[in-house]
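Indexing begins at 1, ligand by ligand and atom by atom, following the structure's order.
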Amino acid sequence: MASIEQIDLSKLPKHIAIIMDGNGRWAKKKLMPRLFGHTNGVKTVKNIVEFARKLNIRVLTLYAFSTENWQRPEEEVSGLMKLLKLYLKQELDSMIKNDISLKVIGDISKIPTDIQADIKNAIEKTKNNKALILNIALNYGSRQEILRACKILIDKGIKDPTEKDFSDCLYTKNIPDPDLLIRTSGEKRISNFLLWQIAYSEIYVTDVLWPDFSEEEFIKAILDYQKRERRFGKIA
Ligand code: FPP
């Protein structure tokens, strides 16, 4: 059994990004509607955020809603928005208490305006917190982010940008690239997530569906990461 004592605290990933997949399949297996899966997915979010904080992970990025997710049935989209609103309401005090700073990547101008206000309020109230950055990807798509960065560079008049110039135009400005990318539910895809930022990330895919992703599964991912030799294109 994987346990917290096995983790080498000197080799912790600073930034973990997660593609939280499998809520729908989890619900289907239980003969329940998809939203039941998402509701249970939120429970996992709360648990994993709390655990990441305890482990001293510095940044946790969660893919909550992609630019493609609008194409899901209206009922599922509005259900996900309601869950997001509820999550922000229920978790703000705990973020403040636990020194967690909320950030959002993606184009939130398309999100219902009341939720935009809740997001901005939570970002503002937690902006000076230092222990963990909880970075939620909302209406996020990496191609959209890259195009947006190109337009910002043009607006700035930068004709010959460096990698740093480009990174500074991404939503993730000032956030280090993920060391570890986790995807649940077995699909081996990136799904338009952080294409630029994961250039050298270690990728860990587990068959476990997101609502079943436990602390132990999280530890397994970190232990697997700690076994890898990261060379960044160089030789050992
Ligand atoms: C993928 O499962 C999951 C999503 C598209 C949404 C993830 C959202 C949550 C976990 C809840 C909301 C998040 C927050 C931060 C409040 P899927 O529906 O694609 O599953 P499937 O592939 O099995 O159908």
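Heavy-atom contacts from other residues, nucleotides or ligands closer than 6.0 Å to NZ of Lys54 number 12 or fewer. Within 6.0 Å of the NZ atom in Lys125, the count of heavy atoms belonging to other residues, nucleotides or ligands does not exceed 12.
Close approach of ligand 1 to Val42 is summarised as follows: ligand atoms under 4.0 Å from at least one heavy atom of the residue are 11 (C), 12 (C). For ligand 1, the atoms sitting less than 4.0 Å from at least one non-hydrogen atom of Gly24 are 17 (P), 18 (O), 20 (O), 21 (P), 23 (O), 24 (O), numbered in the order shown with element in parentheses. Near Ala64, meaning under 4.0 Å from one of its heavy atoms, ligand 1 places the atoms 6 (C), 7 (C), 8 (C), 13 (C). Against a heavy-atom cut-off of under 4.0 Å, Tyr87 is close to the following atoms of ligand 1: 16 (C). The Asn69 neighbourhood of ligand 1 comprises atoms 5 (C), with distances under 4.0 Å to a heavy atom of that residue.
Going from atom CG of Leu35 over to atom CG of Leu80 covers 6.5 Å, rounded to the nearest 0.5 Å.
Under a 4.0 angstrom heavy-atom cut-off, Arg72 registers as being in contact with ligand 1. Using a 4.0 angstrom heavy-atom cutoff, Gly22 counts as in contact with ligand 1. Residue contacts with ligand 1: Leu62 is excluded, as none of its non-hydrogen atoms falls under 4.0 Å. Between Arg34 and ligand 1 there is a heavy-atom distance shorter than 4.0 Å.
Stacking of Lys29 on the aromatic ring of Trp26 is not recorded, the 6.0 Å distance cut-off and the 45° axial limit not both being met.
In this structure, Tyr200 and Phe232 have tilted ring planes: the angle between them lies in the 30° to 60° band. Classification of the Trp196-Phe166 ring pair by plane angle, with boundaries at 30° and 60°, yields tilted.
A salt bridge links Glu217 with Lys220: at least one charged nitrogen is closer than 4.0 Å to a carboxylate oxygen.
The nearest protein atom to atom 1 (C) of ligand 1, hydrogens excluded, is given as Met20 O, 3.1 Å; this is a heavy-atom distance. Closest protein heavy atom to atom 22 (O) of ligand 1: Arg25 NH2, 2.8 Å.
In the candidate list Asn23, Ile19, Leu84, Asn23 is nearest to atom 9 (C) of ligand 1, counting heavy atoms.
Side-chain atoms of Asn47 never come within 3.5 Å of backbone atoms of Glu215 as a donor-acceptor pair (strictly under, hydrogens ignored).
Some N or O of Asp21 is nearer than 3.5 Å to an N or O of ligand 1, by distance alone.
At a threshold of 4.5 Å between side-chain heavy atoms, the hydrophobic network of Ile, Leu, Val, Met, Phe, Trp and Tyr places Ile123 and Phe65 in one connected group.
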